[in-house]
Number of protein chains: 2
Amino acid sequence: MVQIPNTPASALPAQRSVPTSADVARLAGVSRATVSYVLNNTSAVRISEPTRRRVHAAAKELGYVPHAAARSLRAGHSRMVLMPSPTIPVGPLYSQFINELQWALSRLDYTVVQHGTLGLHGDEAARAWAELRPVAVLVPGSSPGPQGVAVLKRSGARAVVTLGPEAVEGAHALLMDHATVGQVAAAHLYAGGRRRIGVVVPEEPGLEIYSRPRLDGARRALHGTDAVLTELPLAHEEEAAARLAARWHTLGLDAVFAYNDEYAMLLMRALQDEGVRIPEDTAVIGADDLMLGRLLRPRLSTVHIELPSGRELAELVDRAVRNPGAEPERHEVLGAAVVHRDSS
Amino acid sequence: MVQIPNTPASALPAQRSVPTSADVARLAGVSRATVSYVLNNTSAVRISEPTRRRVHAAAKELGYVPHAAARSLRAGHSRMVLMPSPTIPVGPLYSQFINELQWALSRLDYTVVQHGTLGLHGDEAARAWAELRPVAVLVPGSSPGPQGVAVLKRSGARAVVTLGPEAVEGAHALLMDHATVGQVAAAHLYAGGRRRIGVVVPEEPGLEIYSRPRLDGARRALHGTDAVLTELPLAHEEEAAARLAARWHTLGLDAVFAYNDEYAMLLMRALQDEGVRIPEDTAVIGADDLMLGRLLRPRLSTVHIELPSGRELAELVDRAVRNPGAEPERHEVLGAAVVHRDSS
DNA sequence: TTGAAAGCGGTACCAG
DNA sequence: CTGGTACCGCTTTCAA
């Protein structure tokens with residue numbers, strides 16, 4: 001359609017090379033600048049309608065796709081929000097939160113990217129993220145050190161937000177104190193007259209981030225009372241649960257907080273198979289308020305967890321990016337409330 | 001420590017600007033080329049030990065982090081493997097698969113990035129991915145059209161791999177035919193003497209990718225026999241299950257394949273509450289072989305699903321990247337086997 | 001309205 | 001052994 005002057009013969013067979021804006025310009029018979037103006041709808045400059053058409057046609061014909069790296073290199077910044085992808089299998093709560101967040105951020109014209117950071121630890125990981133020059137970094141779970149945060153900010157990240165138990169110097173923090181979960185669970189059991197309370201602690205690695213605070217919270221709730229807390233390590237396997245249930249009478253517990261609903265289900269089944277009556281002999285409470293708890297018999301009491309909405313976090317990010325000088329925000333965002341059903 | 005000549009006063013207060021290799025070079029008193037050689041351990045060139053020290057020291061002092069975009073712009077390629085992040089909440093099977101895959105790919109020195117593609121459809125999404133110029137793209141679930149694949153390849157992607165029900169022109173395919181799941185489930189129920197077989201189809205949007213083939217597979221297994229298949233739409237809520245169970249006797253079914261173990265648990269509970277005996281009145285089988293199935297009473301029969309190992313997929317990707325000219329590979333990778341327990 | 005050209009941060013060739 | 005320099009693809013003044 002468009003004549004290309006002075007084109008070597010080698011240009012005819014579909015080259016393996018990626019089309020650039022220069023190719024589009026050549027094909028449309030204009031300069032690269034014009035191509036840029038047209039494709040970005042630059043308002044500061046007016047391009048004639050025929051030219052626009054030619055450029056668009058040429059771009060489509062070549063299948064031109066702009067090169068994000070080149071663009072952001074030139075611009076000096078990107079709109080990429082980076083978060084490390086979770087290394088431990090993650091429940092529906094968190095999945096949904098991430099999804100909401102991605103949605104909200106794309107509404108604000110950010111690109112969300114999860115970076116697979118496996119085997120890199122602490123500041124190593126922070127450096128790997130910094131190489132991508134994201135405009136913001138969201139770190140769930142175990143946070144980077146202040147060093148890591150510094151590296152990120154020095155590399156141009158205008159906001160670093162941690163989602164975890166503790167705040168980090170220089171970073172915004174959405175504090176999710178899982179101790180609260182253990183605390184309300186234990187308090188609930190205590191209020192029900194239970195005094196010998198077990199707390200299940202998963203043996204699976206990676207879960208300490210949650211299990212440790214939940215245990216500590218339970219301990220705190222019972223501190224200074226006449227109740228006794230017993231730590232119960234448990235792997236997420238039937239046999240492990242059966243073994244634990246087999247020595248249940250020697251433990252003499254009248255209640256158990258089972259880390260979450262899945263471990264609760266596992267343990268409850270083993271206890272029932274062992275003839276332990278729930279809640280008469282032993283009260284059971286889980287956490288996370290998963291669907292499955294409602295389907296158990298007796299229905300499982302649980303701790304419902306309220307996470308911040310993705311929209312809220314997205315807005316925090318946007319605010320921080322627009323105003324990088326501001327003081328880091330700290331928000332306590334984890335709501336925990338007992339849902340009393342039949343197992344306690 | 002190192003004297004910086006001809007530096008304007010404005011350089012002293014910690015600038016908001018990101019340190020570049022030029023800054024490192026200046027501070028170390030060498031050229032940018034030397035900095036590049038040292039930091040990349042370029043073997044083609046030998047740099048004296050004192051110089052290396054100075055460069056490393058300067059880099060550390062400035063907190064220098066290389067700019068990935070600039071690097072890959074110059075190099076003309078990256079080692080980024082891109083996959084769209086899942087838009088529907090995803091089970092433990094898939095999570096674990098992704099994790100394995102990330103691990104295996106990082107062993108091969110690729111960087112895995114999940115791109116949050118929400119609201120972008122089909123070829124729009126493909127264009128967005130192409131802007132990042134990934135060396136490979138892995139697309140689970142609903143595949144891009146041949147158009148999308150073409151865009152990606154033209155933008156320099158040396159491998160496009162789909163993980164889903166069907167192969168796409170030009171892309172490698174790991175074919176995961178979930179029809180097999182429904183097929184073996186239905187065949188199992190039929191072999192157990194059941195002739196009026198229900199198939200649960202989740203009403204949640206996004207699950208059709210899996211539920212449709214599973215249903216079709218069941219239908220196929222029963223085709224030409226004396227068995228009758230009934231489609232049972234069901235939302236993942238207690239009330240919906242209760243409503244379905246309430247009209248169970250009017251349906252006159254003697255067996256049900258419940259899409260997966262979670263829906264099976266939901267339905268089984270509702271049926272039991274309704275007084276339906278399992279498996280005597282109605283046999284139930286789920287799928288995915290989740291832990292929870294083993295904890296139900298009766299123990300839930302299920303279809304165990306065998307996914308490819310992350311390592312295998314990583315190797316496929318690596319092979320394809322090294323040899324982009326090769327014919328696209330097609331592999332049937334979904335293994336399905338009935339685990340017969342007590343509910344059927 | 002359009003074009004020429006500088007430059008973002010690195011890398012790698014070629015001189016010295 | 002080290003420095004100068006061209007260039008990757010794109011945006012954006014500044015001139016014409």
Side-chain angles (χ1 to χ4, degrees), chain A residues 15-55 58-59 62-79 130-135 154-156, chain B residues 15-55 58-59 62-79 130-135 154-156:
Chain A
Q15 286 289 88
R16 271 279 145 263
S17 72
V18 182
T20 73
S21 77
D23 297 321
V24 176
R26 213 156 18 231
L27 183 55
V30 300
S31 74
R32 287 157 64 218
T34 306
V35 171
S36 177
Y37 292 143
V38 171
L39 296 184
N40 294 309
N41 264 318
T42 309
S43 52
V45 97
R46 301 209 57 78
I47 304 286
S48 69
E49 202 47 44
T51 305
R52 307 181 80 87
R53 280 170 157 29
R54 292 220 312 286
V55 170
L62 293 176
Y64 170 71
V65 175
H67 193 308
R71 189 204 298 264
S72 66
L73 180 58
R74 168 66 224 227
H77 60 95
S78 74
R79 294 199 51 90
E131 292 194 2
L132 297 179
R133 298 288 192 275
V135 69
R154 225 175 324 161
S155 312
Chain B
Q15 286 288 88
R16 270 281 144 262
S17 72
V18 182
T20 73
S21 78
D23 297 320
V24 177
R26 211 153 23 227
L27 183 56
V30 299
S31 74
R32 292 188 320 150
T34 305
V35 171
S36 176
Y37 293 143
V38 170
L39 296 184
N40 295 308
N41 264 316
T42 309
S43 52
V45 103
R46 301 210 58 76
I47 304 287
S48 72
E49 201 48 41
T51 304
R52 308 180 81 86
R53 281 170 158 28
R54 292 220 313 286
V55 170
L62 293 176
Y64 170 71
V65 175
H67 192 308
R71 190 204 297 267
S72 66
L73 178 58
R74 171 63 225 225
H77 62 256
S78 73
R79 294 199 52 89
E131 292 194 1
L132 297 179
R133 296 292 192 274
V135 69
R154 224 174 322 148
S155 317

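Below, chain A is the first sequence line, B the second, and so on; all start at residue 1.
The closest donor-acceptor contact from the side chain of S72(A) to the backbone of A75(A) lies at 3.5 Å or more, if one exists at all. A distance-only check finds a donor-acceptor pair linking the side chain of T20(A) to the backbone of A22(A) [under 3.5 Å]. Between the side chain of R154(B) and the backbone N or O of L62(A), at least one donor-acceptor pair lies under 3.5 Å. Under the 3.5 Å distance criterion, the side-chain polar atoms of R32(B) are left unmatched by any main-chain donor or acceptor of S21(B).
Against DNA chain D, the stretch residues 66-75 of chain A makes heavy-atom approaches under 4.0 Å through P66(A), H67(A), A70(A), R71(A), R74(A).
Considering OG of S17(A) and CG of D23(A), their distance stands at 6.5 Å, rounded to 0.5 Å.
At whole-Å resolution of the value, CG in L39(A) and C1' in dC10(D) are 11 Å apart. Counting to the nearest Å, the P atom of dG10(C) and the CZ atom of R26(B) are 12 Å from each other. One atom, CG of L62(B), and another, P of dG10(C), lie 12 Å apart when rounded to the nearest Å. If you measure from atom OH of Y64(B) to atom C1' of dT11(C), you get 11 Å, rounded to the nearest angstrom. Rounded to whole Å, the distance from CG on N40(A) to P on dT13(D) is 13 Å. Between the CD1 atom of I47(B) and the C1' atom of dT11(C) there is a distance of 13 Å, given to the nearest Å. Atoms CZ (R54(B)) and P (dC1(D)) sit 15 Å apart, rounded to a whole Å. Atom C1' of nucleotide dT12(D) and atom NE2 of H77(A) are separated by 12 Å, given to the nearest angstrom.
Across dC10(D), dT1(C), dT2(D), the shortest atom-to-atom separation from the side chain of S48(A) is found for dT1(C).
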**Request:** Run the numbers on H77(B) and V135(B) for side-chain contact (heavy atoms from CB on, under 4.5 Å), then give the verdict.
**Result:** CA-CA 7 Å; H77(B) 62 256; V135(B) 69; 5.8 Å; no
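Residue contacts shown for T42(B) are absent, as no nucleic acid heavy atom lies under 4.0 Å away. V65(B) comes within 4.0 angstrom of sugar-phosphate atoms only, judged by non-hydrogen atoms across all strands, and of no base. When heavy atoms are screened at a 4.0 angstrom cut-off, R133(A) is found touching the sugar-phosphate backbone but no base atom.
In terms of phosphate contacts, S36(A) brings a side-chain nitrogen or oxygen within less than 4.0 Å of OP1 or OP2 of dT11(D). OP1 or OP2 of dT11(C) has not a single side-chain nitrogen or oxygen of S21(B) nearer than 4.0 Å.
Considering only heavy atoms from C-beta on, V65(B) comes within 4.5 Å of R133(A) through its side chain. At least one side-chain heavy atom of N40(A) sits less than 4.5 Å from a side-chain heavy atom of R71(A).
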Could you pull out the protein-nucleic contacts involving nucleotides 3-5 of chain C (nitrogen or oxygen on both sides, under 3.5 Å)?
from   : atom 1 : to     : atom 2 : distance (Å)
dG3(C) : OP2    : S31(A) : N      : 2.7
dG3(C) : OP2    : S31(A) : OG     : 3.1
dG3(C) : OP2    : T34(A) : OG1    : 2.8

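Nearest heavy atom pair, residue V45(B) against residue Y37(B), reads CG1-CG, 3.6 Å.
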